[in-house]
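What you see below is based on every heavy atom in this structure, not just the backbone, and it leaves out hydrogens, waters and symmetry mates. Letters A, B, ... are given to chains in the order of the sequence lines, protein chains preceding strands, and every chain is numbered from 1. Worth saying up front: this structure is predicted, and the values here are computed from it rather than measured.
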Amino acid sequence: GAVVSQHPSWVICKSGTSVKIECRSLDFQATTMFWYRQFPKQSLMLMATSNEGSKATYEQGVEKDKFLINHASLTLSTLTVTSAHPEDSSFYICSAREQWGTPGRVKLFFGSGTQLSVL
Amino acid sequence: DAKTTQPTSMDCAEGRAANLPCNHSTISGNEYVYWYRQIHSQGPQYIIHGLKNNETNEMASLIITEDRKSSTLILPHATLRDTAVYYCIVRPGNTGGFKTIFGAGTRLFVKA
């Protein structure tokens with residue numbers, strides 16, 4: 001099956017620093033990628049939709065200047081958490097949609113997630 | 001997106017079938033039912049999806065009621081490794097957008 005690689009798996013950083021998370025579709029092209037965050041014992045919360053070559057679409061309540069998303073190619077999207085603070089500590093997950101597919105056969109593939117801990 | 005309702009948690013004995021229900025009474029005609037699961041500290045894993053016919057693959061079976069207002073995911077022989085949170089999601093099957101919203105899911109505990 002299709003593979004989405006997310007890097008790094010975990011990161012610890014100091015408060016005030018910026019952290020970049022990469023999401024790559026390894027064997028398919030993804031015009032659309034999605035970024036989620038998940039707090040302990042909670043469900044995934046959609047943060048934004050990343051479209052190749054255009055600006056990301058953010059969900060209500062998600063600060064676009066805080067969470068910078070870049071989707072410069074069909075296989076790579078990045079999420080940068082700027083000036084991270086302890087409340088940004090969370091599990092961040094990306095997903096990618098295959099570019100081509102008949103209705104119903106389009107699948108989403110998820111990365112393995114990145115655990116961010118801000119001290 | 002249509003909303004789904006799932007039990008918060010379920011137990012299942014190892015080797016037995018696990019039947020996970022999902023209600024999606026407001027599902028639209030063009031919306032598919034998808035199931036994902038998430039094992040602790042990992043990204044969600046696709047299991048199966050369907051529109052109106054029952055579906056089966058190597059992981060599970062999906063039974064959708066005739067009125068499409070509910071469905072059941074069946075793991076025929078649950079193992080300890082099937083312990084996870086299972087998410088039932090409905091969304092349009094078109095090629096645009098494809099935004100996926102997760103509900104609370106069902107925590108399945110498979111016990112030896």
Among residues 75-84 of chain B, residues within the sub-4.5 Å heavy-atom range of chain A, in order of number, are none
Using residues 58-68 of chain B as the side-chain source, report each donor-acceptor pair under 3.5 Å to any protein atom, sequence neighbours left out, with the distance given to one decimal.
residue	atom	partner	partner atom	Å
Ser61(B)	OG	Thr56(B)	OG1	3.1
Thr65(B)	OG1	Asp67(B)	OD1	2.8
Thr65(B)	OG1	Arg68(B)	N	3.4
Thr65(B)	OG1	Lys69(B)	N	3.4
Thr65(B)	OG1	Ser70(B)	N	3.3
Thr65(B)	OG1	Ser70(B)	O	3.1
Asp67(B)	OD1	Lys69(B)	N	2.9
Arg68(B)	NH1	Glu31(B)	O	3.0
Arg68(B)	NH1	Leu51(B)	O	2.5
Arg68(B)	NH2	Ser28(B)	O	2.5
Arg68(B)	NH2	Glu31(B)	O	3.2

Measure Gln38(A) against the heavy atoms of chain B and call it side chain, backbone, both or neither at under 4.5 Å. side chain
By a 4.5 Å heavy-atom criterion (distance strictly below it), what part of Glu59(A) contacts chain B: side chain, backbone, both, or neither? side chain
Taking the side chain as C-beta and beyond, is there a heavy-atom pair between [X] and [Y] under 4.5 Å?
{"X": "Leu108(A)", "Y": "Arg91(B)", "result": "yes"}
{"X": "Ile101(B)", "Y": "Leu46(A)", "result": "yes"}
{"X": "Ser95(A)", "Y": "Thr100(B)", "result": "no"}

With clusters defined by side-chain heavy atoms of hydrophobic residues (ILVMFWY) lying less than 4.5 Å apart, directly or transitively, does [Y] cluster with [X]?
{"X": "Trp35(A)", "Y": "Ile93(A)", "result": "no"}
{"X": "Val85(B)", "Y": "Ile89(B)", "result": "yes"}
{"X": "Leu108(B)", "Y": "Val33(B)", "result": "yes"}
{"X": "Tyr58(A)", "Y": "Tyr36(A)", "result": "no"}
{"X": "Tyr92(A)", "Y": "Phe102(B)", "result": "no"}

Taken to the nearest 0.5 Å, the spacing of Tyr36(B) OH from Leu44(A) CG works out to 11.0 Å
Measure the spacing between CD of Gln45(B) and CZ of Phe109(A) and express it to the nearest 0.5 Å. 11.0 Å
For the backbone of Gly43(B) and the side chain of Ser112(A), can you confirm whether one donor and one acceptor N or O come within less than 3.5 Å of each other? no
Which atoms form the tightest heavy-atom contact between Ser43(A) and Ala104(B), and what is the distance? CB-CA, 4.2 Å
Mind listing the closest non-hydrogen atom pair of Gln38(B) and Phe91(A) along with its distance? NE2-CE2, 4.2 Å
Phe110(A) ring center near Tyr87(B) ring center (under 6.0 Å): no
NZ (Lys66(A)) with more than 12 external heavy atoms under 6.0 Å: yes
